[in-house]
Structures are given as structure tokens and as C-alpha cells.
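Please read all numbers here as calculations on a predicted model, not as lab measurements. Numbered from 1 within each chain, the chains take letters A, B, ... in sequence-line order.
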There are 2 protein chains.
Amino acid sequence: MVKKISPFAINLEQKCIDKGLRLTDQRKVIVKLLEETIMDTKFHPDVDEIHKRAVAIDKKISIATVYRTVKLLEEADIIDRHEFKEGKSRYEAVTETHHDHLIDINSGEIIEFVDDEIEKLKKKIANKLGFELVDHRLELYCKKLK
Amino acid sequence: MVKKISPFAINLEQKCIDKGLRLTDQRKVIVKLLEETIMDTKFHPDVDEIHKRAVAIDKKISIATVYRTVKLLEEADIIDRHEFKEGKSRYEAVTETHHDHLIDINSGEIIEFVDDEIEKLKKKIANKLGFELVDHRLELYCKKLK
DNA sequence: ATAATTGCAAATGCTTTGCTTGTGA
DNA sequence: TCACAAGCAAAGCATTTGCAATTAT
């Protein structure tokens, strides 16, 4: 059976269908929530935050389901998991272009940025050391200049 | 009372004394172990590894003490804690110059590298966004080129 | 002497999992 | 229909902590 693929899936639910994931009511709610991370680039919810918001929509969604769904979506390359220095994971929808994060250590605010120069440099360093870059993370922990 | 400071402390035990940390038998053992991370740049032990090695020297050292000591040393800026993508912390003695890490995703080997260009770029990016860089981490997850 | 440190075991916080019941395709 | 998903509660894992006993200065 040939699966129909939408190459320009605009929403995460469509991406799930494209990947052949079964769309339960719970998954629809969670996926809808995570879609907000596309427009609001400062929104990187953790499992608790996702669960709280999900329960507000449908109170029968358990935290176990949130954990399972978030893991599933990560494995399907639909969302990214980040572990900043706080001991828990935060999630956001996968974006076309790679970006890094700047974390305001006073407010906790997370700012995304894209910098081609630093992306090229990462690749160059890996190659120089005899490696091929597969994945990478760069986090800048900062305080506001006044 | 004026504390005597050794500005060029060659060993971690001296650094502990300089910072006014009480040197118990257990701490001496742990600190001695962690000193190995200075010469062996690929050695980034986790708490379990430190505890295993510590017990081999003095079997009455508990894992709680390892956790407490490692936290103490981190707060005293004597060692650095790293959290690579594996869900536990790894430690190494603080070095004069900042370095980043390249992790071989197949072997788990951790390689340290220093790159001035990327350090400058980190600072530049933070400033451009209106921030002052306080802390940062860059990890390259790679596979060997053949 | 005495304030700090230890060992032990219990508690924590985040995450995973076994099992039974429920449900999407 | 029926393989897969959900809910619940128990388990897992790294880490922290309360408390009584021990120890460094």
C-alpha cells in the first residue's frame, strides 16, 4: 500500500498522518498544543506544561500518555527534545532550519537564533577532528545587557 | 584570619584547601581520582564511576558522599559538571581555558577541543541579541569519518 | 569542643512500564 | 476485528535529604 505524503505539511497532525501514526483523541490534543511552538518561538513546554494544558481540553489525558506521545513524536522527527540545565526535557516542533538557544538565566526566557557562520564552523571543527557531524547543540546562558 | 592562597595550585587538594574546604578522608580520595581528568582529557567519569573507583581505595565511601562532594566541588569551581545526552552527569577538573566536547555517537568517546573562533562567535551572538554571555555549552555528536 | 561531614535508608522528581481495558483504521 | 493505544499504579533511575553517629580543625 502506497502512503500518500504531503511534502509541505503545514500542520503537525498532517505530519503524523504522513508518518502513519494513529491519531487518537489524546494525540490530536497534544499535537495541537505543540503546534503553538511554531508561531511562538519562545514557547518550549515541558511534559508537565503539556499535560496541564491537555487536561484543560480533555481531562481524561494521563501524564503517561503525554510521555509516550512526546517520545513517539520525537522518534518520528516531528518534534525536538531539548534538555537545558534544569533536569527535565522541553519540546518544540521541528523546524526546517537548525537553530540554537539563548537562555536568560534570570528570567528563564528561551530565545531562538540562527547563525550560519556558527553552523559552518561546527561542521568544519568536526571534520578537522576526523568526524562527520550528526547532531549538535549549542546553548548560551546569558544575562540581559543594560 | 587571612587565608593563604596558592595562585598556581597544581593539584585539586590544594585548591580545596585554598577554598577552605574541610578535607576528610573521603574527599581526599574523590579529589585524587578527579585529578586524573586533567591528564586524561577523555576521562569524564559519572558518579557511579567515581564511586566504584573510590570504593576500591576505601570501601566505606558511600555514594551519598560522592554526590555531596561532587556538588561541593562544582560550587567551589573546582570541577565542571557536564550533562551529555544520556541523562546523568559527568565531571572533570576545571581547566584554565574553556573547551567544548565532541562525542562519538558510536563509541561514546568524548573528545575535548578548543576553538577561539567559535568562542568569539558565541560572545558576538549573545551581544548582538542584547545579552552578556555568562555560560555556554557546545556539544558535537559525531561519527568517525573513514 | 563543636560545627561540619558521613552512612544509611527513605524520599524525591522525572520518566518508563506492566497490565487490563478501550479504540482507531 | 484486533493490533495498537490509554489509564492507572507500580517500578526505575539519578539524585537529594533527614537523622543519628562520627570526625576535622
Side-chain angles (χ1 to χ4, degrees), chain A residues 1-4 13-14 16-33 44-52 54-76 78-91, chain B residues 1-4 13-14 16-33 44-52 54-76 78-91:
Chain A
M1 178 262 216
V2 178
K3 221 168 276 164
K4 198 179 160 195
E13 200 170 306
Q14 186 58 51
C16 290
I17 294 167
D18 290 350
K19 303 258 175 165
L21 301 183
R22 190 183 284 193
L23 273 175
T24 63
D25 289 345
Q26 292 88 331
R27 288 184 184 174
K28 280 180 197 162
V29 170
I30 294 167
V31 150
K32 180 59 75 187
L33 281 174
H44 297 73
D46 57 36
V47 166
D48 236 53
E49 181 66 37
I50 298 168
H51 184 232
K52 260 194 211 89
V55 164
I57 296 166
D58 176 349
K59 62 168 64 86
K60 74 173 181 304
I61 298 180
S62 74
I63 193 136
T65 295
V66 177
Y67 273 107
R68 280 192 270 234
T69 302
V70 124
K71 184 176 216 175
L72 184 85
L73 295 173
E74 195 205 346
E75 284 164 357
I78 292 172
I79 62 174
D80 279 327
R81 180 175 78 235
H82 301 296
E83 290 167 50
F84 302 122
K85 299 188 171 184
E86 43 169 13
K88 63 183 168 182
S89 298
R90 291 179 174 276
Y91 300 85
Chain B
M1 175 265 214
V2 179
K3 221 167 276 161
K4 199 181 159 193
E13 200 170 306
Q14 188 57 53
C16 291
I17 294 166
D18 291 350
K19 304 259 175 165
L21 302 183
R22 192 183 282 196
L23 273 174
T24 62
D25 289 345
Q26 293 89 330
R27 289 184 183 173
K28 281 181 196 161
V29 169
I30 293 167
V31 150
K32 180 59 74 187
L33 281 174
H44 297 75
D46 56 38
V47 165
D48 235 54
E49 180 67 36
I50 297 169
H51 184 233
K52 259 196 210 88
V55 163
I57 295 165
D58 177 347
K59 62 167 66 86
K60 77 173 179 302
I61 298 180
S62 74
I63 194 135
T65 295
V66 177
Y67 273 107
R68 281 192 271 235
T69 303
V70 123
K71 185 176 215 177
L72 184 87
L73 296 173
E74 195 204 347
E75 283 164 357
I78 293 173
I79 63 173
D80 279 326
R81 181 176 77 236
H82 301 296
E83 290 167 51
F84 302 123
K85 299 187 173 187
E86 41 168 16
K88 63 183 169 182
S89 298
R90 291 180 174 276
Y91 300 86

Closest approach to the side chain of B/Thr65, judged atom by atom: which nucleotide of C/dG7, D/dA24, C/dT15 is it? C/dG7

When rounded to whole Å, the CG to P distance for the pair A/Asp46 and C/dC14 reads 8 Å

Under 4.0 angstrom between B/Ser89 side-chain N/O and D/dT15 OP1 or OP2: yes

Short question: side chain of A/Arg90, backbone of A/His44 - any donor-acceptor pair under 3.5 Å? yes

Walk me through it: do A/Asp80 and A/Tyr91 pass the test side chain to side chain contact (heavy atoms under 4.5 Å, CB included)? CA-CA 6 Å; A/Asp80 279 327; A/Tyr91 300 85; over 6 Å; no

Quick one: which of C/dG24, C/dG7, D/dT16 gets closest to the side chain of B/Tyr67? D/dT16

Compute the angle between the rotation axes at the two ends of the helix from C/dA1-D/dT25 to C/dA25-D/dT1, each taken over five pairs, rounded to 10 degrees. 40°

Tell me the interatomic distance from B/Glu49, atom CD, to D/dT15, atom P, rounded to whole angstroms. 14 Å

Between A/Ser62 and D/dA6, is there a contact of a side-chain N or O with OP1 or OP2 at under 4.0 Å? no

Does B/Arg81 or B/Asp25 map to a spot on DNA chain D nearer the 5' end, using the closest nucleotide for each? B/Arg81

Hey, does B/Ile61 reach any base, or is it just sugar-phosphate, or nothing, if we go heavy atoms under 4.0 Å? sugar-phosphate

Please report the distance, rounded to the nearest Å, between CG in B/Asp58 and P in C/dT5. 18 Å

Test side chain to side chain contact (heavy atoms under 4.5 Å, CB included) applied to B/Thr69 and B/Lys71, step by step: CA-CA 5 Å; B/Thr69 303; B/Lys71 185 176 215 177; over 6 Å; no

Value in whole Å for how far the P atom of C/dC14 lies from CG of A/Asp48: 7 Å

With respect to the phosphate group of D/dT16, does any side-chain polar atom (N or O) of B/Lys71 fall under 4.0 Å of OP1 or OP2? yes

Rounded to whole Å, CG of A/Leu23 lies from C1' of D/dC4 at a distance of 13 Å

Do A/Ile78 and A/Leu72 make a side-chain contact, defined as non-hydrogen atoms from C-beta onward lying under 4.5 Å apart? no

Within the 4.0 Å heavy-atom criterion, would you say B/Arg27 contacts the bases, only the backbone, or no part of the nucleic acid? sugar-phosphate

Over how many whole Å does the gap from B/Leu21 atom CG to D/dT25 atom C1' extend? 14 Å

Along DNA chain D (nearest heavy atom to each residue), the more 5'-positioned of B/Ala64 and B/Thr24: B/Ala64

Less than 4.5 Å apart, side chain to side chain, heavy atoms only: is that true for A/Arg22 and A/Arg27? yes

Indicate yes or no for a side-chain donor-acceptor contact from B/Thr65 to the backbone of B/Ile61 under 3.5 Å, with no hydrogens or angles considered. no

Quick one, B/Val55 and B/Ile63 - any side-chain contact, counting heavy atoms below 4.5 Å? no

Checking side chain to side chain contact (heavy atoms under 4.5 Å, CB included) for the pair B/Val47/B/Tyr67: CA distance, chi angles, key distance, verdict? CA-CA 7 Å; B/Val47 165; B/Tyr67 273 107; 3.6 Å; yes

When you get a sec, tell me which of D/dT15, C/dC8, D/dA24 is the closest nucleotide to the side chain of B/Arg68? C/dC8

Whole-Å gap separating C1' (C/dT6) and NZ (B/Lys59): 18 Å

Of the candidate nucleotides C/dC14, D/dA14, C/dG24, which contains the atom at the shortest distance from the side chain of A/Arg22? C/dG24

Would you please confirm or rule out a distance under 4.0 Å between OP1 or OP2 of C/dT23 and any side-chain N or O of A/Gln26? no

Whole-Å distance, B/Glu86 CD to D/dA14 P, equals 10 Å

